[in-house]
Amino acid sequence: VRFFWTKLSDLIVLLFVSVFLSLAIEPGVNRLARRGWRRGTATALILFGVIFAFVLFVAAIGTLVASQIADLLSNSEAYITDTVRFLNDTFGANLDAQEVIDDFNDPNGRVQQFIRDQQDNAVRLSVAALGGLLALFSVLLFTFYMVADGPKMRRAICSRLTPARQERVLATWELAGTKTGGYLYSRALLALLSAMFHWIVFQSVGTAAPVALALWVGIVSQFLPVVGTYLAGVLPVLLTFLDSPF
């Protein structure tokens, strides 16, 4: 068992994720199928909608973070000076801003060495990203066939069971799909409402990139349990801290 788990653990995890996603989107596919849609077309439509929303979220947050990093690097001396002044005034430190700036710009310094080390890891990170995309494609492929051919798969499973067990399996399957789909749809609705209200607040106070920050707060706060609310608030506070003078 240990040997087979070691060899097949990645595939088993992908299958479990696919089963969860299939349970989540199957209620929506069933509604479209009852209205005359083909199951394959309905499944593809919902999956593409999920992918589009995910890509939009990543693009918005990625653009925001990239612009902030570029701004941080281009105004590094001003940020370092303000940070050193804040530390000296608040904690009674005796730091020299110019020495910190010289150490930051030193080609042989620790900061530049760290940046060069990250550049050396670009190939490894690219390979890891390619592996992640392959895993994502596999999950989407498994999910599509589990939903599009869901009735056939259920008939194949139930054909090997007694009538009493068939009823229990079908009832459990339907209940799992209803509860999973209802949970995710309610979370998506709450994320949309949270993003809308946060966009209004960010827009009114003049926060940079209010749409991207609103999407971040809405999605992270609703889809990450327990710590999502606190994690969602870190990025707006950090960006506001960087954009405002000490």
Side-chain angles (χ1 to χ4, degrees), residues 4-62 128-196 215-216 218-226 228:
F4 281 111
W5 173 256
T6 303
K7 298 299 182 182
L8 300 176
S9 59
D10 293 338
L11 177 61
I12 293 173
V13 170
L14 293 180
L15 289 175
F16 273 117
V17 174
S18 301
V19 169
F20 177 78
L21 290 179
S22 66
L23 290 174
I25 69 174
E26 189 163 12
V29 173
N30 291 336
R31 292 190 183 95
L32 293 178
R34 285 194 293 268
R35 296 183 179 181
W37 287 60
R38 296 181 59 184
R39 290 190 65 87
T41 305
T43 304
L45 176 65
I46 294 180
L47 281 179
F48 278 124
V50 173
I51 294 172
F52 177 77
F54 177 76
V55 171
L56 179 64
F57 171 72
V58 172
I61 299 303
L130 183 61
L133 289 176
L134 180 61
L136 177 62
F137 177 77
S138 301
V139 168
L140 293 176
L141 187 64
F142 290 146
T143 303
F144 175 82
Y145 282 108
M146 286 181 182
V147 178
D149 291 336
K152 295 180 181 178
M153 183 169 60
R154 285 191 287 272
R155 283 196 297 268
I157 294 174
C158 291
S159 63
R160 294 167 172 81
L161 302 176
T162 61
R165 290 185 178 179
Q166 289 179 8
E167 293 181 0
R168 288 197 293 269
V169 168
L170 292 176
T172 303
W173 199 308
E174 183 178 359
L175 180 62
T178 302
K179 295 299 183 180
T180 305
Y183 172 78
L184 290 181
Y185 294 149
S186 64
R187 289 283 125 183
L189 179 60
L190 289 174
L192 179 62
L193 293 174
S194 176
M196 182 180 65
L215 288 174
W216 166 266
I219 294 177
V220 173
S221 64
Q222 296 303 318
F223 285 97
L224 285 183
V226 183

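These numbers come from a predicted model, not from an experiment. Start at 1 with the first residue, then count along the sequence.
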Colleague: Please give me the minimum heavy-atom distance between P27 and G181, naming the atom from each residue.
Modeller: CG-CA, 4.4 Å
Colleague: How long is the gap from CG on L184 to CD on Q222, to the nearest 0.5 Å?
Modeller: 12.0 Å
Colleague: Roughly how far apart are I46 CD1 and I51 CD1, rounded to 0.5 Å?
Modeller: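 So the CD1 of I46 and the CD1 of I51 are separated by 12.0 Å.
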Colleague: How long is the gap from CZ on F16 to CG on L11, to the nearest 0.5 Å?
Modeller: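 The CG atom of L11 is 11.0 Å from CZ of F16, to the nearest 0.5 Å.
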Colleague: Return the minimal non-hydrogen interatomic distance between A148 and G40, and the atom names on each side.
Modeller: CB-CA, 4.1 Å
Colleague: If I compare all heavy atoms of C158 with all of V169, which pair ends up nearest, and what's the gap?
Modeller: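 For C158 versus V169, the nearest heavy atoms are SG-CG1, 4.3 Å.
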Colleague: A quick test of your reading: do over 12 heavy atoms of other residues, nucleotides or ligands sit less than 6.0 Å from OH of Y185?
Modeller: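 Buried by this count: over 12 neighbours within 6.0 Å.
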Colleague: Report yes or no: does R187 contribute a side-chain atom to a donor-acceptor pair with the main-chain N or O of F223 at less than 3.5 Å?
Modeller: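 Pair absent, no side-chain N/O of R187 close to backbone of F223.
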Colleague: Testing the basics here: between R39 and V147, what is the closest heavy-atom pair and its distance to 0.1 Å?
Modeller: NH2-O, 2.8 Å
Colleague: Mind listing the closest non-hydrogen atom pair of F144 and A44 along with its distance?
Modeller: CE1-N, 4.0 Å
Colleague: Quick one: do V139 and F20 satisfy side chain to side chain contact (heavy atoms under 4.5 Å, CB included)? Show the steps, please.
Modeller: CA-CA 10 Å; V139 168; F20 177 78; over 6 Å; no
Colleague: Carefully, step by step, assess I12 and F4 under the rule side chain to side chain contact (heavy atoms under 4.5 Å, CB included).
Modeller: CA-CA 11 Å; I12 293 173; F4 281 111; over 6 Å; no
Colleague: Among L47, V17, L23, which residue meets the side chain to side chain contact (heavy atoms under 4.5 Å, CB included) test with T143?
Modeller: L47
Colleague: After noting the C-alpha distance and the side-chain angles of L15 and M146, does the key distance pass the side chain to side chain contact (heavy atoms under 4.5 Å, CB included) rule?
Modeller: CA-CA 10 Å; L15 289 175; M146 286 181 182; 4.2 Å; yes
Colleague: If you round to the nearest 0.5 Å, how far is CG of L136 from CZ of F54?
Modeller: 7.0 Å
Colleague: How far does CG of L170 sit from CG of L175, to the nearest 0.5 angstrom?
Modeller: 12.5 Å
Colleague: Counting only heavy atoms not in Q166, do more than 12 sit closer than 6.0 Å to its CD atom?
Modeller: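 Correct, the count exceeds 12.
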Colleague: I'd like to know if the side chain of T180 and the backbone of A176 have a donor-acceptor N/O pair within less than 3.5 Å.
Modeller: yes
Colleague: Rounded at 0.5 Å granularity, tell me how far CG in L192 sits from CG in L215.
Modeller: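 The CG atom of L215 is 9.0 Å from CG of L192, to the nearest 0.5 Å.
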Colleague: Between S194 (side chain only) and A191 (backbone N and O only), is there a donor and an acceptor less than 3.5 Å apart?
Modeller: no
Colleague: With E26 as reference, evaluate R154, K179, R31 under the salt bridge (Lys or Arg N to Asp or Glu O under 4.0 Å) test and give the passing residue.
Modeller: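 Going through the options one by one, the only one that passes is R154.
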Colleague: Locate the shortest heavy-atom distance separating W216 from F57; write the atom from each residue and the value.
Modeller: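 Closest approach of W216 to F57: CA-CE1, 3.6 Å.
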